[in-house]
Amino acid sequence: MDTERYDPASFEPGLADRWASSGAYTLTPPAADPAHLEAGAAADGGGGRAYYALTMFPYPSGDLHMGHAEIFTIHDALVRHLRMTGHRVLNPIGWDAFGLPAENAARKRGEDPRAWTYANIEEQRRTIARLGYSFDWSTVLRTCDAEYYRWTQWIFLELLDADLAYRREALVNWDPVDRTVLANEQVIDGRGERSGALVERIPRTQWFLRITRYADELLDGLDAIEWPERVKNAQRAWIGRSEGAEVRFTTADDGAEVVVYTTRPDTLYGATYFVFAPEHPLVLARMGDDPEYAAFRTEVSRRSEIERLSGLDGAGDDDEAGAGRAKRGVRLPFDMVNPVDGRTIPAFAADYVLMEYGTGAIMAVPAHDQRDLDFARQYGADVRVVVRPDDGTVLDPATMTEAWAGDGTTVNSGEYDGLPWQETKRRVIADLETRGLGSGRVNYRLRDWLISRQRSWGAPIPVVHCPDCGEVGVPRDQLPVRLPDDLDFTVQGSPLEAHPTFKHDVVCPRCGSADAVRDTDTMDTFVDSSWYFLRYLDPTSEDHAWPVAAAGRWLPVDQYTGGIEHAILHLLYSRFFVKALRDLGHVAADEPFARLLNQGQVIMGGAAMSKSLGNLVAPKEVYERFGVDTLRATMLFASAPEDDIDWADVSPTGMHKWLSRVWRLGVEHVARGGSAAGDAAGDDADGRALALRRAAAVAVEAAGREYAARKYNTAIARMMELTNAVNEALRTPPTPAVEAAVAEALRDLLLLLAPIAPFITEELWGRLGHDGSVHDQRWPEADPALLVLDEVEVPVQVDGKLRGRVTVPVGTSREDLEAAARAEPAVAAHLTGEVVKVVVVPDRMVNLVVKG
RNA sequence: GCGGGCGUAUCCCAAUCGGCAGAGGAAGGGGACUUAAAAUCCUCCCAGUGUGGGUUCGACUCCCACCGCCCGCACCA
């Protein structure tokens, strides 16, 4: 038989164009349409259950890469399967279109950032369509559109009015050559990425969002959402809640009060010295004019801490980072008094105490805190043991090099001696409160979110600074505060700042003062992406940011798919936004994303794909050679969605071979004149037809379960088994009954494969004579009668070791099964002694225990 | 250092509640078809589950300890 070869290039582009241009996956009515409320409310019926499936929108820097292809392929298989199982799926796509690369292109090559961005978006859009991803093209958004960032600014004003946005001075990275503040990503080894200048930390007044107000709720809310445990743990660690006490120490000379925060108030008697953050106000007041101290501060200031202030990731991979790095400190010319025992202890300033955490000052307990012990050994401070380890370890203050932070009994602490340390902690806090020396206190590692960016390809902060009125929000009816189209990127520093009119062509919205100026900073792009999932509900509306009623229906997002790299920042900020917007009455949900799936990365030969390593594989190379279906199926077959895919280990060739086989089985069936719909008529003397029908039922049943669990790799394996079964049935010339069973099996196979390989299944669906699109069909269900077996082979163990097998009718009683097992010769040979115990699991196994 | 994850055939990977270690694929050997190759088909080969204990009638699966690798966080008092 001369068979037409599998040539995906001959039909994939045409189908892709048709799907994209015909609005094949447009949700009707749109999510914002009130009719949705009824449609969504119906459990099934007309519309099916409303389901919001979301994948992290891409940043448009160049064409799609393999990482995108993987996320979208997983997401699309999920979405297509959901549609076939009767869900009304909201499946939007957009672009996280503000950001530094556009600005860099403008600076380096003189390109217009808007044109650069839109060209990339167009390229990505075409590739997404070509790859058959079934996004709803009617709800596209781009965060750089004024129609979008107008509402980003509106949210900022809402937060400002609610005192969730505020301005204060913070230390930032300052590039003295380019005369600009740099984001942490732009600081490499302490130098500006572009200028190479040593970056300084300078104070600058910046905008913050008060995420810390939600610290407890952000922590507690994690228990209620279905996210990977590691992501939840990362957020828990980031929020960093700790319970301890604030304690009032005083200076020995003039009795000035200095509060410390400690999680171990039970070790107060072990405090042998005192440490201030280098920039602690009391220290600055006393040491401000001292040149040696100024030199010390300059040295310390090289250490960046913007990452904590801004929430941005630092480079942080050098030896200087983390615990155990050398501490720098100076002895201050005064002492402190411990309030519980009146002892005088020396005061230091050291870089290991951070002004930003706690109170900026600590009591140092070297015996029970490793950092303090390291510092004490370096600077010759005393060590006093106040906890005796429970495990018998003996601590020698003179020689110990490892602080004891484990369980133990309080010693050398006056009235508290002999108590377990936890009990001491409780009592000390209570006593401090009674005596007015301190109080219990909860602290967080989480800082407020610094959102000011001295960049020009972002949403302008909608604030006017007036000499009389101060910071005044731009009235909402004057939004958006537009980004000028004629920014000059050749200037040093901020193009917005340098623009001829942007900053100064404004009057105070409150008093009309012409001396007012616009804020020239833009917002962190993470602000843009903290609410885009709401805007998808009505992306073109000029009346509202999103329809509140529809948000009630669609939020939280049922399923969010994206990379693990956003474990903290984007996912934490989005959670914060939803909670804040909820409290402002704009959404009803507590959380943005009910379920999260973090797909693995696509790597090559064990390393990340990168241009510099020369191991880059582009999606295009793969689909131009093998077709899109092969690319998609290869990715899904390579591993479970959460696992990394090493492209060096996978075989698009093998996948292409299998799809070719599916193709051949289909077109050959058509060539033989096989019917579309299965018709069980005809004789089936050798049972081949029944065997195939059973194999198809098993595949449908198993693949269905695996789809539900999102294990596409094993679902594909089930389909491969089914193709093997069809092949087996056709080994000898088919009878009419076999031909009918083949038709059924092929139909099932195409339905099972459709979410993964949408093109070949659609093409064969038509060729096999089925009506409509394969993607509009109901998900197949297995005929239970075909899943029931007549007989089962049951393993028989003797003393837990497999000794034989017996084949018995399904449902054989325990007694009969045991008898059959004992009668099996291979088993009987091992029954040398008395059988002391018999374990029978009907239809599953028998275990005969001989030895006592 | 803390947290999370992973170690199964040559390789990638499977194995509901603990119940026959192999579903699927890749690579490799042999064969059929072919003038030949490709393609296709048939067939063979391939581990006792990182190590050591424990629980159990029975452990890849549960528990403990250790080894190795990966990821995240890391001076947060």
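Atom set for the values below is all heavy atoms of this structure, side chains included, hydrogens, waters and symmetry mates excluded. Just so it is clear: chains get the letters A, B, ... in the order the sequence lines come, proteins before strands, and each one is counted from 1.
Residue order along RNA chain B, read from the 5' end via each residue's closest nucleotide, puts A638(A) first among A638(A) and Y261(A). When each of V839(A) and R264(A) is assigned the nucleotide of RNA chain B with its nearest heavy atom, V839(A) is the one assigned upstream, toward the 5' end.
Here the separation of C63(B) from U55(B), taken at their P atoms, is 16 Å to the nearest Å. When the C1' atom is compared between U35(B) and U49(B), the two are found 49 Å apart, to the nearest whole Å. When the C1' atom is used for both U10(B) and C44(B), the distance is 16 Å, rounded to whole Å. Taking the P atoms as reference points, A74(B) lies 23 Å from C69(B), given to the whole Å. One C1' atom belongs to G18(B), the other to C62(B), and the distance between them is 8 Å to the nearest Å. A distance of about 12 Å separates the C1' atoms of G48(B) and A59(B), rounded to the whole Å. Remark: the separation of the C1' atoms in A21(B) and A32(B) is 33 Å, to the nearest Å. Across the C1' atoms, A14(B) and A23(B) are found 6 Å apart, a figure rounded to whole Å.
Remark: K327(A) is not positioned above the aromatic ring of F375(A), lacking an NZ or CZ atom under 6.0 angstrom from the ring centre and at most 45 degrees off the axis.
When rounded to the nearest whole Å, the span between CD of E706(A) and C1' of C13(B) equals 13 Å. The distance between atom CG of N598(A) and atom P of G72(B), rounded to the nearest whole Å, is 13 Å. Atom OH of Y352(A) and atom P of C75(B) are 14 Å apart (whole Å). Here A39(B) presents its C1' atom at 16 Å from CG of L659(A), a figure rounded to the nearest Å. The nearest whole Å value for the distance from the CD atom in Q601(A) to the P atom in C71(B) is 9 Å. Between M720(A) atom CE and C12(B) atom C1' there is a gap of 12 Å when expressed in whole angstrom units. When the P atom of A14(B) is taken as reference, atom CD of E721(A) falls 15 Å away, rounded to whole Å. Put simply, CE on M604(A) is 15 Å from P on C12(B), counting in whole angstrom units.
Within the nucleic acid shown, S242(A) comes within 4.0 Å of sugar-phosphate atoms alone, with no base atom in reach, counting heavy atoms only. Residue Q797(A) is in base contact, counting any heavy-atom pair closer than 4.0 Å across all strands shown. Within the nucleic acid shown, R718(A) comes within 4.0 Å of at least one base atom, counting heavy atoms only. Across all strands shown, F637(A) has heavy atoms under 4.0 Å from base atoms, whether or not it also approaches the sugar-phosphate. In this structure, D372(A) reaches neither bases nor backbone, as no heavy-atom distance under 4.0 Å exists between it and the strands shown. Among the atoms of the strands shown, none is found under 4.0 Å from any heavy atom of V838(A). If you check every strand for non-hydrogen atoms under 4.0 Å, E642(A) touches nothing. Among the protein residues, S639(A) comes within range of no part of the nucleic acid, since none of its heavy atoms lies under 4.0 Å from any strand.
Nucleotide U40(B) has A32(B) as its partner under the Watson-Crick or G-U criteria, with both atom distances under 3.5 Å. Summarising the base pairing, C60(B) is matched to no nucleotide, lacking a Watson-Crick or G-U wobble pair whose two defining distances lie under 3.5 Å. When both pairing distances are held under 3.5 Å, A74(B) makes no Watson-Crick or G-U pair with any nucleotide shown. The partner of U49(B) is absent, by the rule that a Watson-Crick or G-U pair needs both atom distances under 3.5 Å. Both distances falling under 3.5 Å, in either a Watson-Crick or a G-U wobble arrangement, place U10(B) opposite A26(B).
Considering only side-chain atoms of S651(A), the nucleotide from A26(B), C13(B), G72(B) that sits closest is A26(B). For T263(A), counting side-chain heavy atoms from C-beta on, the closest listed nucleotide (A77(B), G24(B), A14(B)) is A77(B). Side-chain proximity of L354(A) to the nucleotides C57(B), G4(B), A77(B) is greatest for A77(B). When the nucleotides A77(B), C42(B), A14(B) are ranked by their closest atom to the side chain of V353(A), A77(B) comes out on top. Proximity note for A717(A) (side chain, C-beta onward) versus A23(B), C11(B), A14(B): the nearest is A23(B). Here the side chain of N727(A) is nearest to one of C75(B), C57(B), C41(B), namely C41(B). In the set G19(B), A77(B), G4(B), G19(B) carries the atom at the smallest distance from any side-chain atom of M845(A).
For the pair R664(A) and C41(B), the criterion of a side-chain N or O lying under 4.0 Å from OP1 or OP2 is met. The side chain of K657(A) places an N or O atom within less than 4.0 Å of a non-bridging phosphate oxygen (OP1 or OP2) of A26(B). OP1 and OP2 of C41(B) both lie 4.0 Å or more from every side-chain N or O belonging to R731(A). Proximity of N847(A) to the phosphate of G19(B): no side-chain N or O atom is located under 4.0 Å from OP1 or OP2. Close to C73(B), at under 4.0 Å from its OP1 or OP2, lies no side-chain N or O of R236(A).
No salt bridge links R814(A) with E818(A); every basic N to acidic carboxylate O contact stays at or beyond 4.0 Å. Classification of R5(A) and D7(A) as a salt-bridged pair fails, no side-chain N sitting under 4.0 Å from a carboxylate O. Salt-bridge annotation for E246(A) and R441(A): present, with a side-chain N of the basic residue lying under 4.0 Å from a carboxylate O of the acidic one. Look at E279(A) and R297(A) and you find no salt bridge, because none of the NZ, NE, NH1 or NH2 atoms lies under 4.0 Å from a carboxylate O. Ion pair E229(A)/R236(A) flagged as a salt bridge, since at least one NZ, NE, NH1 or NH2 atom sits closer than 4.0 Å to an Asp/Glu carboxylate oxygen.
In G30(B) the O4'-C1'-N dihedral to the base is more than 90° from 0, which defines an anti nucleotide. In C17(B) the O4'-C1'-N dihedral to the base is within 90° of 0, which defines a syn nucleotide.
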- Message: Applying side chain to side chain contact (heavy atoms under 4.5 Å, CB included) to Q797(A) and R803(A), what does each step give before you reach the verdict?
- Response: CA-CA 5 Å; Q797(A) 301 173 349; R803(A) 296 302 186 188; over 6 Å; no

- Query: Does the side chain to side chain contact (heavy atoms under 4.5 Å, CB included) test come out yes or no for V442(A) and R241(A), once each step is laid out?
  - Reply: CA-CA 7 Å; V442(A) 173; R241(A) 181 187 154 102; 3.7 Å; yes

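Panel note: side chain R632(A), backbone I756(A); a donor-acceptor pair is recorded below 3.5 Å. No donor-acceptor pair closer than 3.5 Å links the side chain of R625(A) to the backbone N or O of P652(A).
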Can you give me the N/O atom pairs linking the protein to nucleotides 15-18 of chain B at distances under 3.5 Å, or say none if there are none?
residue : atom : partner : partner atom : Å
A15(B)  : OP1  : K711(A) : NZ           : 2.5

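Y573(A) has its ring centre less than 6.0 Å from the ring centre of W449(A). Taking the six-membered ring for Trp, F274(A) and F348(A) have ring centres at least 6.0 Å apart.
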